[in-house]
There are 2 protein chains.
Amino acid sequence: MARRYAGGVDGNRSLERGIEILRAFRPGVDTLGNGEIAERTGLPRSTVSRLTRTLVNSGMLDEVRSERAYRLAASVISIGHAMRTGSPVLNAIGPMMRAESARRRLNVGLATADRTMMVYLESIRYSPRAALRNVVAGQQVPMELTSLGRAYLAGITETERERLLKQFKRRSAAATRALLAEVRRSISAVERDGYCAVSWQPAVLAVATPIVLDGLPVYALNMSLQNVERSDALASELGAYLNAFAAKCKEVLGDREPK
Amino acid sequence: MARRYAGGVDGNRSLERGIEILRAFRPGVDTLGNGEIAERTGLPRSTVSRLTRTLVNSGMLDEVRSERAYRLAASVISIGHAMRTGSPVLNAIGPMMRAESARRRLNVGLATADRTMMVYLESIRYSPRAALRNVVAGQQVPMELTSLGRAYLAGITETERERLLKQFKRRSAAATRALLAEVRRSISAVERDGYCAVSWQPAVLAVATPIVLDGLPVYALNMSLQNVERSDALASELGAYLNAFAAKCKEVLGDREPK
DNA sequence: CCCTTAATTCCACTTAGTGGAAACGCCCGG
DNA sequence: CCGGGCGTTTCCACTAAGTGGAATTAAGGG
């Protein structure tokens, strides 16, 4: 059969489950035992036991005998590296992002969606002490709360967007009404100004804009500054930088029409 | 059943196959169609079709409709990030590695094995233009040709080592005899001096040492210099730096006995 | 517009996977 | 040193989930 097991349309249940197990590991949960995995994924313990064994054999998990637990193995970063290496967008504009970060003395990031989170393909953290400049990849930030995420939402299709908005409602019961309005306002801002500005973390001002290309997922590009008060003037200055930079990027990416 | 499908001891065949598909993507092969995947993995085309569909649904692959192909999705770097975040070794000595790179003005790397390749958890590339210092994770280098790999081989168990040496034979029919002798010489060097030196790439001299901890895979730590002629004097200077640094690292990692 | 090539769907077959229950083994406290 | 409890792995009967060759459909190319 293979088509449609309990609920799904088609696909392979075991593989889906195995991936779900890998996903259970996240920053903050470094090791997980079979029990915990079973709990988090809702899978029967015996099934988890078999799947983790397979993942160990395939090199995706390391077994920590002493703790009767598992942790993600190095293979996953090999694959992650292959992903970054193969990303045409990152390849095209990564160097430009570094240059721009140095030139403008601010943080520049490129991200796309992973379910309801935004994940950085690259986040260049500007620091006055240039030697400490930090490049991070893979970090996740919540879609609905960040400029990055809202720019992304502005870039995807109506139906996709509504689907995601529903999921936000489901997860944060609190402040939903106000938050959703916020999100929609940011989306309008993108449509009007090309970017949206959000101060998600205390003294950080961030602006972001979507990058829509043919045959690729929607990306979002952001710029941010730490240790500043949010002000409209600053936001529009950043926004102008971002729009200019995004325009340059789109030139480089020119062969893929926006629609 | 589930135990022992055609050859395997136990585990889940579909999951194994799905992982193998993910593994087929590597630096240089950014997109793959179902046909190519089938070829590379030896799986029947219909099976590949179903598994790739599942991987898309699980967010591990993006579909590139225009090319009838797939590419690794952003999720894989989220998981990669979680792996790095959860690595106790990287957490403990990562900052020290950065400091050491700056202090000694050389490259410092930490790696472990992924099958027969070494994969960097972190590779800090020193550049005289400090602002351009580059940190890479996930890159792979061949185990048998690099100081990193040979240090790793020196750190693992006899049986593991022999298993790997056999695999090297299998893959590079050429130069096998001489190469294996080389490898064994490097391993002896590690046992004698604490490190081994190899010039894998043209003008790069690298030294490496294993890090053996309880309940964790074996790691290897390396230091390297570009644009130098290989000389024994330089090698032993680097080796001394490395030994000193590794000793410091082991202090920090002290709670895990070497055996 | 037809032909080639590749991906997807179909479907009968059966094995590979499943999960509850039992066995195991580890760790802790007595 | 010896139970007792808890989490993990193994067992096993059941059968649905997965398989893969063949048919079908869809996508370029001439």
Side-chain angles (χ1 to χ4, degrees), chain A residues 1-22 24-25 29-58 60-71 214-215 255-257, chain B residues 1-22 24-25 29 31-58 60-71 214-215 255 257:
Chain A
M1 198 185 299
R3 48 257 143 108
R4 169 181 356 171
Y5 40 88
V9 193
D10 190 9
N12 183 298
R13 185 171 58 157
S14 317
L15 178 53
E16 220 163 56
R17 289 170 159 191
I19 299 294
E20 223 40 61
I21 289 177
L22 290 181
F25 295 85
V29 265
D30 347 336
T31 69
L32 286 173
N34 280 334
E36 280 172 295
I37 295 174
E39 233 172 286
R40 279 164 203 259
T41 57
L43 299 172
R45 317 198 117 177
S46 49
T47 300
V48 170
S49 186
R50 260 176 289 116
L51 293 178
T52 51
R53 171 184 286 109
T54 304
L55 289 169
V56 170
N57 289 338
S58 301
M60 304 302 283
L61 291 181
D62 281 336
E63 196 172 355
V64 190
R65 278 255 163 66
S66 52
E67 308 180 35
R68 317 194 107 226
Y70 301 90
R71 71 163 32 99
D214 200 56
D255 51 338
R256 316 181 183 256
E257 56 176 10
Chain B
M1 198 184 298
R3 49 253 140 115
R4 170 180 356 167
Y5 40 87
V9 194
D10 190 10
N12 183 297
R13 185 170 59 157
S14 316
L15 177 52
E16 220 162 56
R17 289 170 160 192
I19 300 294
E20 223 41 60
I21 289 177
L22 290 181
F25 295 85
V29 269
T31 69
L32 286 173
N34 280 334
E36 280 172 295
I37 294 174
E39 233 172 286
R40 279 165 203 258
T41 57
L43 298 173
R45 301 181 112 92
S46 49
T47 300
V48 170
S49 187
R50 260 176 289 117
L51 293 179
T52 50
R53 186 213 260 38
T54 304
L55 289 169
V56 169
N57 289 337
S58 302
M60 304 301 284
L61 291 180
D62 281 336
E63 196 172 355
V64 190
R65 277 255 163 66
S66 52
E67 309 179 33
R68 316 195 105 226
Y70 301 90
R71 75 164 29 101
D214 200 56
D255 51 338
E257 56 176 11

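Just so it is clear, the structure is predicted and the values come from calculations on it, not from any experiment.
Between B/Gly35 and B/Arg45, the shortest heavy-atom distance links the atoms CA-NH2, 3.6 Å. Annotation for B/Arg17 and B/Leu51: closest pair CB-CD1, 3.7 Å, computed over non-hydrogen atoms. Taking every heavy atom of both residues into account, B/Ile19 and A/Ser58 meet most closely at CG2-CB, 3.9 Å. When all heavy atoms of A/Phe25 and A/Asp30 are compared, the pair lying nearest together is CD2-O, 3.7 Å.
At a threshold of 4.0 angstrom between heavy atoms, the contacts of A/Arg65 with the nucleic acid are absent.
Here the C1' atom of nucleotide D/dA26 and the CD atom of B/Glu67 are 17 Å apart, to the nearest Å. Note: CG (A/Leu43) to C1' (C/dT18) measures 11 Å, nearest angstrom. One atom, CG of A/Leu15, and another, P of C/dA16, lie 17 Å apart when rounded to the nearest Å. Here C/dT18 presents its P atom at 12 Å from CD of A/Glu16, a figure rounded to the nearest Å. Distance A/Glu39 CD to D/dC6 C1': 13 Å, rounded to the nearest Å. When the P atom of D/dG7 is taken as reference, atom CZ of A/Arg40 falls 15 Å away, rounded to whole Å. At whole-Å resolution of the value, CG in A/Leu32 and C1' in D/dT8 are 15 Å apart.
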Write down the protein N/O and nucleotide N/O pairs, taken from nucleotides 6-9 of chain C, whose separation is under 3.5 Å; answer none if there are no such pairs.
from	atom 1	to	atom 2	distance (Å)
C/dA7	OP1	B/Gly35	N	3.3
C/dA7	OP2	B/Gly35	N	3.3
C/dA7	O4'	B/Arg68	NH1	3.1
C/dT8	OP2	B/Asn34	ND2	2.1
C/dT8	OP2	B/Ser49	OG	3.1
C/dT9	OP2	B/Arg53	NH2	2.4

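The side chain of A/Ser14 places no N or O atom within less than 4.0 Å of a non-bridging phosphate oxygen (OP1 or OP2) of D/dA17. At the phosphate of C/dT18, OP1 or OP2 sits under 4.0 Å from a side-chain N or O atom of B/Asn12.
For A/Glu39, the side chain to side chain donor-acceptor pair (under 3.5 Å) test picks out no residue, with sequence neighbours left out.
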A/Leu55 and B/Leu15: side-chain contact (heavy atoms from CB on, under 4.5 Å), yes or no, with the steps?
CA-CA 8 Å; A/Leu55 289 169; B/Leu15 177 52; 3.8 Å; yes
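The bend of the helix from C/dC1-D/dG30 to C/dG30-D/dC1, defined by the angle between the axes of its first five and last five pairs, stands at 50° to the nearest 10°.
In this structure a side-chain-to-backbone donor-acceptor pair under 3.5 Å is present from B/Thr54 to A/Asn12.
Screening A/Leu32, A/Leu61, A/Asp62, A/Val29 for a side-chain contact (heavy atoms from CB on, under 4.5 Å) with A/Arg71, the sole residue that qualifies is A/Asp62.
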